[in-house]
2 protein chains.
Amino acid sequence: MVPVNELEHPAREAIVLEDVLFALSDPVRLDLVRQLRESSLTAASCTTLDPSVPKSTKSHMFKVLREAGVIRNVPEGRNRRLSLRRDDLDARFPGLLDAVL
Amino acid sequence: MVPVNELEHPAREAIVLEDVLFALSDPVRLDLVRQLRESSLTAASCTTLDPSVPKSTKSHMFKVLREAGVIRNVPEGRNRRLSLRRDDLDARFPGLLDAVL
DNA sequence: ACCATAGTTCGATAATACTTGAACAATTGG
DNA sequence: CCAATTGTTCAAGTATTATCGAACTATGGT
């Protein structure tokens, strides 16, 4: 069993454009990414998702973005810190984030 | 009088970013769009799709791209001419196509 | 150690999207 | 006008994604 603590993130070179585009093609996920443009967030303080959305649903959204290489999701105490992988995305697909966000 | 076989295309202002991203998130569709970057194509001469793919499947792919506002699909004799809506996309989402193609 | 908190994972169901054959529409050539 | 050509549309089946409750994991506070 893999520790549930540290989640898998694709390396910069392994980020696939199609996966990024798909991850960003959902309005709610895109909205979250736009929030992360300013600064990182803890999952708990993520206000793009109204409180009525179950945490399992939120977690799934984070997963799609994380597995596509769009965001980083690292443990921080009892919380999770979500941050945009701007450096990696800018290096791999220059101009993409600027165009989308 | 407008021919009946004219298909619906969203106006420039009506093009939705999420729809564009979704349309481009499929490898085959993205490949087609990259081909259209150079010049327009007739559907028949579209070589991104191997001949084993049924025409209904191809047609559906064109539809997704057309309804997202990514390509134009206009009748040309017995054929269809497919072209990238570069002007509209550049105007609406500057830098996006450059980053993606 | 215990308990509450914050999130992930699992499993099942619902909602979307894809694929394809068959029917239909429009055009060209004879 | 008729038949061949080129694509679109329809409908049914398949596959992929999304949603969400419940179970589970890890951490921090008391």
Arg81(B) CZ - dT27(C) C1' separation (whole Å): 16 Å

Taking five pairs at each end, how big is the angle between the two axes of the helix from dA1(C)-dT30(D) to dG30(C)-dC1(D), to 10°? 30°

Enclosure of Arg34(A) CZ (heavy-atom neighbours >12, cutoff 6.0 Å): yes

As an exercise, state the distance from OG of Ser59(A) to CZ of Arg80(A), rounded to the nearest 0.5 Å. 8.5 Å

Mind calculating the distance between CG (Leu21(B)) and P (dT17(D)) to the nearest angstrom? 16 Å

Look at the side-chain N and O atoms of Arg29(B) and state whether any lies under 4.0 Å from the OP1 or OP2 oxygen of dC18(C). yes

Same cluster or not: are Leu101(B) and Phe62(B) linked, directly or through other Ile, Leu, Val, Met, Phe, Trp or Tyr residues, by side-chain heavy atoms under 4.5 angstrom apart? yes

Quickly work out the Arg72(B) CZ to dG7(D) P distance and round it to whole Å. 19 Å

Out of dT9(C), dT9(D), dG21(C), which nucleotide sits closest to the side chain of Pro54(B)? dG21(C)

Considering heavy-atom distances to DNA chain D, does Arg66(B) or Asp26(A) have its closest nucleotide positioned more toward the 5' end? Arg66(B)

Separation of dA17(C) P from Glu18(A) CD (nearest whole Å): 18 Å

Which value, rounded to the nearest 0.5 Å, describes the distance between Arg85(A) atom CZ and Ile15(A) atom CD1? 4.0 Å

Donor-acceptor pair under 3.5 Å: do we get one between Ser59(A)'s side chain and the base of dG7(C)? no

When you measure from the side chain of Asn5(A), which nucleotide among dT9(C), dA26(D), dG7(D) comes out closest? dA26(D)

Between Gly77(A) and Asn79(B), which has a closest nucleotide on DNA chain D that is more 5'? Asn79(B)

Assess whether a salt bridge exists between Asp98(B) and Arg86(B), defined as any Lys/Arg side-chain N lying under 4.0 Å from an Asp/Glu carboxylate O. yes

Gap between atoms NE2 and P, on His60(A) and dA14(C) respectively (whole Å): 17 Å

From the set dC18(C), dG29(C), dA6(C), return the single nucleotide nearest to any side-chain atom of Arg78(B). dG29(C)

Do the side-chain N or O atoms of Asn73(A) get closer than 4.0 angstrom to the phosphate oxygens (OP1, OP2) of dT8(C)? yes

Output for pair (Asp87(A) CG, Arg12(A) CZ), nearest 0.5 Å, gives 6.5 Å

Nearest-Å distance for atom pair CE/P, residues Met61(A) and dA18(D): 10 Å

What's the closest nucleotide to the Arg80(B) side chain, out of dA6(C), dG21(C), dG7(D)? dG7(D)

Please round to the nearest 0.5 Å and tell me the distance separating atom CG of Leu24(A) and atom CG of Leu17(B). 8.5 Å

For Lys63(A) and dA18(D), give me the distance from atom NZ to atom P, rounded to whole Å. 11 Å

Check the distance between dA6(C)'s P and Leu82(A)'s CG and give it to me in whole angstrom. 14 Å

To the side chain of Thr57(A), which of dT19(D), dC18(C), dA18(D) is closest? dT19(D)

Any Leu65(A) side-chain heavy atom under 4.5 Å of Leu82(A) side chain: no

Between dT19(C), dT9(D), dT8(D), spot the one nearest the side chain of Lys55(B), thanks. dT8(D)

